[in-house]
Amino acid sequence: MTHWMFDCREISRLVSMSMDERLTLYQRTGLRLHLLMCRCCTRHRRQLFFLRELMHGYSRLCDTRSEGVRLPPETRDRIREKLRQAAAGQ
Amino acid sequence: MDLYAEALYGYALAHLHDPSVAEDLVQETFLAALGGVARFRGGSSVRTWLVGILKHKIMDHLRRKYREGPRRDTAPDGREFEGFFDEHGAWKRKPTRWAADPHRLVQQQQFMETLFECLAGLSERAANAFIFREMEGMTTVELCKLLDISATNCWVILHRARMKLRHCLEVNWFGNTGKEGP
């Protein structure tokens, strides 16, 4: 469906751009009017912000927890050995 | 060390998708930390301090890689999203409702595996762009420098990454009944 002057394809580009930059007045107006009338693009936009929130959440999780990813034991041994050598050399 | 090694490895892996590079950078981080331990004054947790070092190492690695590699042009291509839209520019597959809480979903191992599979389906540059923009909140100006691309290319890459990721999750997670979905 084409609403106002932008179609959904163009709106998807503007939605993404609006997450990184300030749009022009023309773009903002076109985007807002389209979103008022188009449920698909409204959902699409909401889901992109959902992804942003999700990645923020993941970033916080990485800061506080470490389960889920296991360092291969041989790597851990290698790192430990290197550290031992480095410490001995200091 | 064990206390932090896995956290650092997980962090590196999320940004790099290459286990061997992730291992190397974790190793370098510990060595750098050992050399600079006198500079650690507290104030932040040891983990935050180590993640900070690792983050710099990851960015140095990517910067070097993209600068040395061939500069691939990713000019906007009108036909690129043909799979998503019909000839009138309308959605071919209408986005469904995502009835999920991102804060709960992020703790679900199975979902995160799907997310990382979807990320792996992107080009490496696109995956890096998405991760640094959405996870680290890096500005597009910083991102352009890191990936050695123009501002326009940066938007194109981010747009492409978001479109593909959203679609991939819709198909592989939210579209499947029986999971936390529409």
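Remember, predicted model here, so these are calculated numbers, not experimental data. Just so it is clear: chains get the letters A, B, ... in the order the sequence lines come, proteins before strands, and each one is counted from 1.
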message = If we define contacts as heavy-atom pairs under 4.5 Å, which of A/Glu21, A/Arg78, A/Met17 has the most with chain B?
response = A/Glu21

ask   = Which residues pass the disulfide (SG to SG under 2.5 Å) test with B/Cys118, sequence neighbours left out?
value = B/Cys168

Side chains of residues 49-56 of chain B: which donor-acceptor partners sit under 3.5 Å, not counting sequence neighbours?
residue, atom, partner, partner atom, Å
B/Lys55, NZ, B/Glu136, OE1, 3.3
B/His56, ND1, B/Gly52, O, 3.2

Residue B/Leu115 versus chain A: region with a heavy atom under 4.5 Å = side chain

inquiry  = Given heavy-atom pairs under 4.5 angstrom as the criterion, report whether the side chain, backbone, both or neither of A/Glu10 touches chain B.
reply    = neither

query = Would A/Phe6 and A/Tyr26 count as a close aromatic pair, with their ring centres under 6.0 Å?
reply = yes

task = May I ask you to check whether B/Phe85 and B/Trp91 place their ring centres under 6.0 Å from each other?
result = yes

remark   = Bottom line for B/His103: the part with an atom under 4.5 Å from chain A's heavy atoms is side chain

